[in-house]
A.B. asks: 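Shown below is the structure under consideration.
Here is the naming used below: chain letters follow the sequence lines, and residue numbers restart at 1 for every chain. Values in this document were obtained by computation on a predicted structure and should not be read as measured data.
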There are 2 protein chains.
Amino acid sequence: MARATGKSEAVYERLKQDIESLRLKPGAKLSEIQLGEELGASRTPVREAIRRLSREGLVDFAPGELARVAAISLGGVRSLFEFRMTLESEAAAQVAAQTQVQERALDAFQQLLSQLEMFEESFRAMDAAQQARSFQDFYTLTESFDQHIIAFCRNPYLARAIREMRSQSLRLRHLSHTGPSRMLTSLDEHRVMIKAIVNGDSPAAAAACRHHLTQTLQALIDSLIGAPYEAGVEVRLDSAG
Amino acid sequence: MARATGKSEAVYERLKQDIESLRLKPGAKLSEIQLGEELGASRTPVREAIRRLSREGLVDFAPGELARVAAISLGGVRSLFEFRMTLESEAAAQVAAQTQVQERALDAFQQLLSQLEMFEESFRAMDAAQQARSFQDFYTLTESFDQHIIAFCRNPYLARAIREMRSQSLRLRHLSHTGPSRMLTSLDEHRVMIKAIVNGDSPAAAAACRHHLTQTLQALIDSLIGAPYEAGVEVRLDSAG
DNA sequence: GAATTCCCAGATGTATACAGCCTAGCCCCA
DNA sequence: TGGGGCTAGGCTGTATACATCTGGGAATTC
């Protein structure tokens, strides 16, 4: 049964979603047998999925021991964002250079810019309740930006590394409950990044990217320290990782 | 038979060595069954090892198809070095900052510096034949530098990414046949990097690292273009990757 | 009462069996 | 002689069996 979309892939996607959405909490035991029974697969595909998730940092795994959903620690979050800064500022710079020579890239980001400015305008006109309700559109927009960066980053290693770090970031988002105020500043930050990219200004794009990630990290940390047991999820406030 | 050093690990290490040393040539077929028989293991550990190697870029693997030793292309080599530049210049900068606050780090690099200067001095005194014969010591020294960077890089994601890129670089080394002239300039470049790190000068460390990798890439490319079939290994000169 | 030791349920590592898919090579036909 | 279809072999994906090990709790001892 060697189908293109095999069971291993299905188990992987399912587990990834469950971990990203915090449906599976950090520290939860991941028994191959139990998961296999739950997801209707045997141990082999489950095993493979767990290994893949382990390399993406969503699962803590040591040979011979029980695999567990990766813990979340303040130090780990800092490290993650620091690394993302290294990767994504470089990617932003490369993409900015790319828009000057590849029309498709320029078009894509110009279109994204106008989408963002339209949304930003209507968003600013909303009251707080409406703003809070449109957070899904906000996420769709920012995710679209990330996808563009990955898609137009011509270095495949860099693109893959960024993609692999995304899963962890997505999980953290579910702990931070971004409010309307942060959404507004984040929209600003995105606008600055996109403009730099469209203008082909690599240093500005890199700087804007670093700034955005710094602000996002700060908002996240404030959120974590303010409510370290949000949604029943423990966040270790030590400096490990 | 779940020993601490399991068969999966053994198969992985063995395959990795065989690929790095070009004993297994790019494009060589990696059949799970055949490898299992050769290495005295069953398909399961071999499977796992192949997946791990695929992640490190040493194996080209697509679901349902035969896994093959990763091809080497000029474009791929460029991408690899560009990515290494992103990672390692950042790490060098971080480690430079580290030596100012952590005595162990400072000591380690000062010791490495004196080792390198001693070797450099004696190396310059050798004739060409002697220099060519001491290339193993040269490699030991430069690898020691890489290990120090990884060991004292406080960001675990960055450290892991650098470590995972090393296997591919090691394989490429076997194609370039670094000569005494390049060894000398490489020693210089390393001395500059280490001095910047010891002095705690992060920007200088990053710049020196970029310079070193640029020079190394150039030497490698010259070598590849000059003899693209070195050791019976085909190097694709297209721009893929 | 606390620490230590022993023990067993359950988990992992590995081997092997079975089912579908891909490929390569041969044969047949125009 | 060249091209297309067919068959056979081997390969991967998945399931399951077996040996060994982990680790968590109960009983025991100081």
A.B. asks: Any side-chain N or O of B:K7 below 4.0 angstrom from OP1/OP2 of C:dA15?
C.D. replies: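 So the side-chain polar atoms of B:K7 do come within 4.0 Å of the phosphate oxygens OP1 or OP2 of C:dA15, strictly under.
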
A.B. asks: May I ask you to decide if the ring planes of A:F135 and A:Y139 are parallel, tilted or perpendicular, using 30° and 60° as cut-offs?
C.D. replies: perpendicular

A.B. asks: If each of A:E65 and B:A41 is mapped to the nucleotide of DNA chain C with the nearest heavy atom, which maps nearer the 5' terminus, i.e. the 5' end?
C.D. replies: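 Its nucleotide being nearer the 5' end, the pick is A:E65.
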
A.B. asks: NZ of B:K29 versus P of C:dT23: gap in Å, rounded?
C.D. replies: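 So the NZ-P distance, B:K29 to C:dT23, works out to 11 Å.
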
A.B. asks: Tell me: CG of A:L66 to C1' of C:dG13, nearest whole Å?
C.D. replies: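 To the nearest whole Å, that distance equals 14 Å.
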
A.B. asks: D:dG10 P sits how many Å from B:Q34 CD, rounded?
C.D. replies: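 Those two atoms, CD and P, are 12 Å apart.
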
A.B. asks: When rounded to the nearest 0.5 angstrom, what is the spacing between CD in A:E48 and CD in A:E32?
C.D. replies: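 Output value for this atom pair is 11.0 Å.
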
A.B. asks: In whole angstroms, how far is the P atom of D:dC18 from the CD1 atom of A:I33?
C.D. replies: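 Atom CD1 in A:I33 sits about 14 Å away from atom P in D:dC18.
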
A.B. asks: Tell me whether the rings of A:F83 and B:Y157 are parallel (<30°), tilted (30 to 60°) or perpendicular (>60°).
C.D. replies: parallel

A.B. asks: Over all strands shown, is A:I50 touching base, sugar-phosphate only, or nothing at heavy-atom distances under 4.0 angstrom?
C.D. replies: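 It contacts nothing in the nucleic acid.
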
A.B. asks: In whole Å, I'd like the distance from the CZ atom of A:R43 to the C1' atom of C:dT12.
C.D. replies: 6 Å

A.B. asks: Between A:I221 and A:F81, is there a side-chain heavy-atom distance shorter than 4.5 Å?
C.D. replies: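 Contact flag for A:F81/A:I221 side chains = no.
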
A.B. asks: With heavy atoms under 4.0 Å as the rule, sort A:T44 into base, sugar-phosphate or nothing.
C.D. replies: base

A.B. asks: Mapping A:R68 and A:S8 to their closest nucleotides on DNA chain D, which lands nearer the 5' end?
C.D. replies: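 Its nearest nucleotide being more 5', the pick is A:S8.
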
A.B. asks: Take atom CD of B:E32 and atom P of D:dG13, then tell me their distance rounded to the nearest Å.
C.D. replies: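 Rounding to the nearest Å, CD of B:E32 and P of D:dG13 are 6 Å apart.
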
A.B. asks: C:dT14 C1' sits how many Å from A:R51 CZ, rounded?
C.D. replies: 12 Å

A.B. asks: Any idea which of D:dA15, C:dT12, C:dA15 is nearest the B:S42 side chain?
C.D. replies: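 Nucleotide nearest to B:S42's side chain: C:dA15.
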
A.B. asks: What integer distance in Å separates A:L30:CG from C:dT12:P?
C.D. replies: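 The distance from CG of A:L30 to P of C:dT12 comes to 9 Å, rounded to the nearest Å.
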
A.B. asks: Fit a plane to each ring of A:F109 and A:F145, take the angle between them on a 0 to 90° scale, and name the class: parallel (under 30°), tilted (30 to 60°) or perpendicular (over 60°).
C.D. replies: perpendicular

